Amino acid sequence: MALVGIVMAAVLTLNLRTGNATSALQVRSDLTSETQIAQNYIAGKLRNAVYIYPYQRDAVVSVFSLASSGYSTFNPNSSPTERAGFNGTGNYNWRFGSGDGNDPFIAFIVPPQSTANSIDVGDCAAATTDTARAQSCYAFYAYYAVPRSLLVSGGGSGSGSIPTGANRLTADPANDANVWALMEYRSYFTGSGYSVSTSSGFTTGGTGRLVLDYVRPTSQNGADKLFVGEVGTAIAPVKSVTINLAARRQAGGQTVNIPTADRYSLTIYPRNIGAPIISN
């Protein structure tokens, strides 16, 4: 009986190790695919950009407020000094620039999808669906990272502070406080052309959409930044952006990193920068 017990214990240990290894292998495969899809998706949007908001030099930063309530555009850090823990008091301001300690954030504008030589301003103003707006209006895009825990338990203020729908993530205690989720905010300019102001022109108050789960955090210092834009000035648009993306998840008793070292880095040179504004 003692011998049988020893054999059974060995078999059980082997099964557990095999199960853990299989789980980690599946997680690695999923994270690799999802990370590459997300990076290519963002790169596709950036390639069409007509304007990338200035990635300010040194201590000068640009600030966006995408909303004033809700969880999906809430920034848990109210100042750069809170970056390490990503658990500050928070507000709805997102800061980006070339200096250290700024937020993992990038914003840009893409042209209407219509192939017409000119866009009917009336069509843009009258559009009532995102599909119609995408055809006739200039679109504002922002990509930014939030703690995964924000999409599990919510945060921010107002009635929309609890995640819903596809943005509501299942709790994963081993990971929630240690990884990020990458979000997309999309809105449209309602008139002719677009504005390069960080505070007007595009529609605010919308809901961000989840693009990628289990994003490996960056320190936002030195070269370790999620987005790195060519340094510009207050009036000069950025002409290239590097996306540094990686994923991490605890699974099967292991830490799975994708890629194993460093990050997937991809530099984008938008083809429409400087193109004339399409209007009647």
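Just so you know, these numbers come straight off a predicted model, no measurement behind them.
- Ala24 and Val256 get closest at one heavy-atom pair: O-CG2, 4.0 Å.
- Shortest non-hydrogen contact noted between Thr73 and Gly208 is CG2-N, 4.3 Å.
- A distance of 12.0 Å separates CD of Gln135 from CG of Asp130, quoted to the nearest 0.5 Å.
- Taking the six-membered ring for Trp and the full ring otherwise, Tyr53 and Phe64 have centroids separated by under 6.0 Å.
- For Tyr214 and Arg248, the side-chain atoms include no donor-acceptor pair closer than 3.5 Å.
- In terms of modelled atom types and a separation under 3.5 Å, the side chain of Gln220 and the main chain of Asn102 share a donor-acceptor contact.
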>> Quick one, Lys45 with Tyr143, criterion side chain to side chain contact (heavy atoms under 4.5 Å, CB included). Give me CA distance, side-chain angles, the key distance, then yes/no.
In response: CA-CA 11 Å; Lys45 300 297 183 184; Tyr143 291 92; 3.5 Å; yes

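- Going from atom CG of Leu245 over to atom CD1 of Ile258 covers 11.5 Å, rounded to the nearest 0.5 Å.
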> Would Asn75 and Asn91 satisfy side chain to side chain donor-acceptor pair (under 3.5 Å), going step by step from the backbone distance to the final call?
Replying inline: CA-CA 5 Å; Asn75 183 357; Asn91 57 32; 4.7 Å; no

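- For Asp172 and Arg249, the salt-bridge test passes: some basic side-chain N is under 4.0 Å from an acidic carboxylate O.
- Listed here is the closest heavy atom pair of Ile52 and Ala49: CG1-CB, 4.2 Å.
- Residues Asp213 and Leu210 come closest through the heavy atom pair N-CD1, 4.3 Å.
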> Step by step, would you call Asn167 with Tyr71 a side chain to side chain donor-acceptor pair (under 3.5 Å)?
Replying inline: CA-CA 10 Å; Asn167 284 347; Tyr71 71 91; 3.0 Å; yes

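- The residue from Trp94, Phe96, Phe74 that alone fulfils the ring pair (Phe, Tyr, Trp, His ring centres under 6.0 Å) condition with Tyr144 is Trp94.
- Side-chain atoms of Asn175 come within 3.5 Å of backbone atoms of Gln250 as a donor-acceptor pair (strictly under, hydrogens ignored).
- Residues Val211 and Tyr41 share a closest heavy-atom pair of CG1-CD2, 4.4 Å.
- Formation of a donor-acceptor pair under 3.5 Å by the Gln36 side chain with backbone atoms of Tyr264 is not found in this model.
- Note that CD of Gln39 and CG of Leu46 are 10.5 Å apart. Values are rounded to the nearest 0.5 Å.
- From Asp262, atom CG reaches atom OG1 of Thr260 across 10.0 Å, with rounding to the nearest 0.5 Å.
- Taking the six-membered ring where the residue is Trp, the centroids of Phe189 and Tyr138 are separated by 6.0 Å or more.
- The hydrophobic clustering, which links ILVMFWY residues whose side-chain heavy atoms are closer than 4.5 Å, places Ile42 and Leu212 together.
- Rounded to the nearest 0.5 angstrom, Arg209 CZ and Leu182 CG are separated by 13.5 Å.
- The main-chain N or O of Ala67 is never found under 3.5 Å from a side-chain atom of Ser65 such that the two would form a donor-acceptor pair.
- A donor-acceptor pair is defined here as one N or O able to donate and one able to accept, closer than 3.5 Å; such a pair exists between the side chain of Thr32 and the backbone of Arg28.
- Between Phe227 and Thr218, the closest side-chain pair of non-hydrogen atoms is not below 4.5 Å.
- Taking the six-membered ring for Trp and thresholds of 30 and 60 degrees, Phe140 and Tyr185 have ring planes more than 60 degrees apart, a perpendicular arrangement.
- In the hydrophobic cluster analysis, where Ile, Leu, Val, Met, Phe, Trp and Tyr join through side-chain heavy atoms closer than 4.5 angstrom, Tyr188 is grouped apart from Phe202.
- Of all the heavy atoms in Asn221 and Lys225, the pair that sits closest is C-NZ, 3.9 Å.
- Results of the side-chain hydrogen bond (donor to acceptor under 3.5 Å, both in side chains) test with Arg263 over Thr242, Thr35, Asn244, Asp224 single out Asp224 as the only residue that passes.
- Here the side chains of Tyr51 and Phe108 are not in contact, with every heavy-atom distance at 4.5 Å or above.
- Side-chain contact check for Arg271 and Asn48: at least one donor-acceptor pair (N or O, by modelled atom type) lies under 3.5 Å.
- When side chains are defined from C-beta on, Arg168 does not count as touching Val152, because their heavy atoms never get closer than 4.5 Å.
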